[in-house]
There are 2 protein chains.
Amino acid sequence: MGTRNTDTRNTDTRNQDHLCRAFKALANPTRLRIYQQIRDQRSGEVADSGCKLVDFINSLKVGAPTVSHHLKELVNAGLIEVRRDGRFLTCYLREDMREELRRFWERT
Amino acid sequence: MGTRNTDTRNTDTRNQDHLCRAFKALANPTRLRIYQQIRDQRSGEVADSGCKLVDFINSLKVGAPTVSHHLKELVNAGLIEVRRDGRFLTCYLREDMREELRRFWERT
DNA sequence: ATTAAAGTTCGATAGTTGTCGAACTGTCAA
DNA sequence: TTGACAGTTCGACAACTATCGAACTTTAAT
């Protein structure tokens with residue numbers, strides 16, 4: 001079984017859960033910062049500079065376990081993905097999710 | 001003293017708090033529903049049908065105190081405003097805030 | 001193989017949130 | 001003015017969240 005049409009709720013309701021989890025993930029200052037940093041560096045000139053997990057640990061005022069926890073939340077909400085890149089975990093924006101959120105805020 | 005330039009944080013940081021509080025307000029299924037209902041009815045044909053607080057109490061599965069609480073959160077986050085309209089409180093979308101959020105999700 | 005750095009997991013704890021019922025305060029119609 | 005409906009405030013409580021330190025695993029450099 002796939003993930004589509006496997007429950008009795010309608011598309012709107014499922015879509016709403018989806019949105020709601022995204023907003024929840026961004027409803028924390030530390031996570032919002034992380035998200036923005038990943039989004040903003042992505043369009044920078046040095047494409048390979050990356051957004052490494054370790055940099056968040058060093059730049060933010062929270063410890064490694066907390067950063068690990070927050071990153072997991074962002075991944076679970078579908079906002080970012082994390083890949084191993086040599087010694088480091090690097091974070092990437094999920095453009096599909098960003099597009100979905102952009103559509104939500106679009107003018108009628 | 002006004003509300004501008006009265007602290008040492010930069011504009012980005014203040015703007016982030018702003019966004020964060022908006023996302024927090026939408027990070028709850030009941031509040032997201034309320035917000036969407038207000039937003040969607042606004043562009044409906046019968047402009048004066050309004051989004052009355054009492055209708056939320058009847059249509060959602062939560063009691064009056066809870067709706068009251070949620071509405072206050074949405075107001076405090078700057079997402080909606082509430083005005084008395086005869087016997088009822090009616091909810092209106094804050095278009096300025098919507099625009100701000102639209103800009104956040106805009107493509108680079 | 002050692003070691004150092006990168007990252008996770010666990011358990012604890014303080015703080016926040018969603019919800020309720022009860023009691024309260026308007027506001028309008030009869 | 002009384003009664004009914006609209007809405008708020010308060011106190012309580014369970015559930016959830018953010019954070020930490022300690023202990024652990026994984027990765028790569030030496």
Side-chain angles (χ1 to χ4, degrees), chain A residues 13 16-38 41 48-92, chain B residues 13 16-38 41 48-92:
Chain A
T13 306
Q16 219 187 9
D17 283 0
H18 206 216
L19 287 166
C20 208
R21 279 189 298 134
F23 291 140
K24 180 139 67 181
L26 297 169
N28 170 277
T30 304
R31 281 197 299 263
L32 182 55
R33 261 178 177 288
I34 291 173
Y35 182 79
Q36 282 186 290
Q37 209 155 314
I38 293 168
Q41 92 79 38
D48 274 350
S49 70
C51 254
K52 302 184 187 54
L53 193 158
V54 69
D55 294 334
F56 292 129
I57 294 171
N58 293 328
S59 65
L60 303 170
K61 293 192 212 62
V62 290
T66 305
V67 170
S68 185
H69 162 69
H70 284 320
L71 238 40
K72 216 184 310 183
E73 296 275 307
L74 289 169
V75 169
N76 288 150
L79 287 162
I80 64 167
E81 56 188 329
V82 173
R83 290 200 298 273
R84 183 132 231 143
D85 183 23
R87 307 175 58 178
F88 307 106
L89 289 191
T90 313
C91 307
Y92 301 91
Chain B
T13 306
Q16 220 188 9
D17 283 359
H18 206 216
L19 287 167
C20 208
R21 278 189 298 134
F23 292 139
K24 181 139 66 179
L26 297 169
N28 169 277
T30 304
R31 282 196 301 263
L32 181 55
R33 259 177 178 289
I34 291 173
Y35 182 79
Q36 282 184 290
Q37 208 155 317
I38 294 168
Q41 93 79 37
D48 274 351
S49 70
C51 254
K52 302 184 185 57
L53 194 158
V54 69
D55 293 334
F56 292 130
I57 295 171
N58 294 328
S59 65
L60 302 171
K61 293 192 212 61
V62 290
T66 305
V67 170
S68 185
H69 163 69
H70 284 320
L71 238 41
K72 216 185 308 184
E73 296 276 306
L74 289 168
V75 169
N76 288 149
L79 288 163
I80 65 166
E81 56 188 329
V82 173
R83 291 199 297 273
R84 182 133 232 144
D85 184 23
R87 308 174 58 178
F88 306 104
L89 290 191
T90 314
C91 306
Y92 301 91

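Within every chain, numbering begins at 1; the chains are lettered A, B, ... in the order of the sequence lines, protein sequences first and strands thereafter.
Mapping B/Lys72 and B/Asn58 onto DNA chain D by nearest heavy atom places B/Asn58 at the nucleotide closer to the 5' end.
Between A/Arg87 atom CZ and D/dT30 atom C1' there is a gap of 11 Å when expressed in whole angstrom units. Atom P of nucleotide D/dT26 and atom CZ of A/Arg84 are separated by 11 Å, given to the nearest angstrom. Between the CG atom of B/Leu74 and the P atom of C/dG18 there is a distance of 11 Å, given to the nearest Å. When rounded to the nearest whole Å, the span between CG of B/Leu71 and P of D/dG7 equals 9 Å. Straight-line distance from the CG atom of B/Leu26 to the C1' atom of C/dT17: 16 Å, rounded to whole Å. Note: CG (B/Leu89) to P (C/dT25) measures 18 Å, nearest angstrom. Atom pair B/Asn76:CG and C/dG18:C1' shows a separation of 16 Å (rounding to whole Å applied). The interatomic distance linking A/Asp85 (CG) with C/dG7 (P) rounds to 11 Å, in whole Å.
Side chain of A/Phe88, nearest nucleotide from C/dT27, C/dG7, D/dT9: C/dG7.
Looking at every heavy atom in both residues, B/Lys24 comes nearest to B/Arg31 through O-NH2, 3.3 Å.
Counting non-hydrogen atoms of other residues, nucleotides and ligands closer than 6.0 Å to CZ of A/Arg21 gives a total above 12.
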- [ ] Starting at the 5' end of nucleotides 10-19 of chain D, put B wherever the base has a protein heavy atom under 4.0 Å, S where only the sugar-phosphate does, and a dash everywhere else.
- [x] -------SSB

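Considering only side-chain N and O atoms, B/Ser68 lies nowhere under 4.0 angstrom from the phosphate OP1 or OP2 of D/dG7.
Considering only heavy atoms from C-beta on, B/Ile80 stays 4.5 Å or farther from B/Tyr92 through its side chain. Residues B/Gln37 and B/Phe56 form a side-chain contact, since some pair of their non-hydrogen atoms from C-beta on lies under 4.5 Å apart. Considering only heavy atoms from C-beta on, A/Thr90 stays 4.5 Å or farther from A/Arg83 through its side chain.
In this structure, CG on A/Asp85 lies 11.0 Å from SG on A/Cys91, to the nearest 0.5 angstrom. The distance from atom SG of B/Cys20 to atom CG of A/Leu32, rounded to the nearest 0.5 Å, is 5.0 Å.
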